[in-house]
Amino acid sequence: GENVEQHPSTLSVQEGDSAVIKCTYSDSASNYFPWYKQELGKRPQLIIDIRSNVGEKKDQRIAVTLNKTAKHFSLHITETQPEDSAVYFCAAGISGGYNKLIFGAGTRLAVHP
Amino acid sequence: GAVVSQHPSRVICKSGTSVKIECRSLDFQATTMFWYRQFPKKSLMLMATSNEGSKATYEQGVEKDKFLINHASLTLSTLTVTSAHPEDSSFYICSARPTDVLTYEQYFGPGTRLTVT
């Protein structure tokens, strides 16, 4: 089955710096890669996703890149702000059918003012 | 739009009793819902895929007789933890995928914190 590895487990940056979180997946059939942000005690919220027919996607300060050959994808957050502090999860799934997602272990991002 | 609710948000039960958790999609239909378990400061572990009108598909290592799933309608899935034990204490969270085949996204409920004493 699918296995998703996520690094780093914790990340501490200064406000205004960039943050990069990386994930690798094992199942070459996976074609949908969402990123979720989970604040303490709250539900995961989708922040950006990418499908395998696209190499990069950007939404304001957030971007995701996908390298299908290497089976890895990354989340890039620029100009970080304290409110970006949260746990970020990557996931991989196969669209169609049940579309189940397998999640990475999570990255705890701390943005210091 | 795309709101998912869970009930209850917190539940405390005694060892040996059963607990039912409801997951509802409030403003969309969801043929497929998912149940996850999340330990403190850990990731979301997929337990099972709930399919409306058919049996749930359980992930390896998840006891189907322990965690009963019923997806009776396009807006409701329930997870029943049977004969609960302290090791079942955890945060259970569901997600729902809109029936629209063009939608890949899953929307998460707020979660249910189960404590078994």
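Proteins get letters first, then strands, A, B, ... in listed order; numbering begins at 1 in each. Quick note: numbers below take in every heavy atom, side chains included, and nothing from hydrogens, waters or symmetry partners.
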Salt-bridged, A/E56 to A/K58, with N to O below 4.0 Å? no
Taking a cut-off of under 4.5 angstrom between non-hydrogen atoms, the residues of residues 103-113 of chain A near chain B are A/F103, A/G104, A/A105, A/R108
Is it the side chain or the backbone of B/E59 that comes within 4.5 Å of chain A heavy atoms, both, or neither? side chain
Does B/P86 reach the side chain of B/S15, with side-chain heavy atoms less than 4.5 Å apart? yes
Side chain from CB out, backbone as N, CA, C, O: work out which of these in B/I93 comes under 4.5 Å of a heavy atom of chain A, or both, or neither. side chain
Sort B/Y107 into side chain, backbone, both or neither according to what part of it lies under 4.5 angstrom from a heavy atom of chain A. neither
Between B/S77 and B/W35, a side-chain donor and acceptor under 3.5 Å: yes
Test side chain to side chain donor-acceptor pair (under 3.5 Å) on B/T99 and B/Q29 and set out the steps. CA-CA 6 Å; B/T99 301; B/Q29 293 185 333; 5.0 Å; no
Does anything in residues 40-50 of chain A get under 4.5 Å of chain B by heavy atoms, and if so which residues? A/R43, A/P44, A/L46
Near A/E79 CD, under 6.0 Å, is it more than 12 heavy atoms from other residues, nucleotides or ligands? no
Over 60° means perpendicular and under 30° means parallel, so classify the ring planes of B/Y36 and B/F108, tilted if in between. tilted
Ring-plane angle category for B/F67 and B/Y92, please: parallel below 30°, perpendicular beyond 60°, tilted otherwise. tilted
So, the side chain of B/T31 versus the backbone of B/E52: is there a donor-acceptor pair under 3.5 Å, distance only? no
Are side-chain heavy atoms of B/M33 and B/V4 found at a separation under 4.5 Å? no
Strictly distance-based, threshold 3.5 Å: is any side-chain N or O of B/T82 a donor or acceptor partner for the main-chain N or O of B/D65? yes
Pick one of side chain, backbone, both or neither for A/Q38, based on which atoms fall under 4.5 Å of a heavy atom in chain B. side chain
Residue from B/K42, B/E105, B/M45, B/K41 scoring the most non-hydrogen pairs under 4.5 Å with chain A is B/E105
Considering only heavy atoms, which portion of B/Q6 lies under 4.5 Å from any heavy atom of chain A: side chain, backbone, both, or neither? neither
Do A/K57 and A/F33 come within less than 4.5 Å of each other through their side chains, counting heavy atoms only? no
When you measure from the side chain of B/T115 to the backbone of B/S89, do you find a donor-acceptor pair of N or O atoms at a distance under 3.5 Å? no
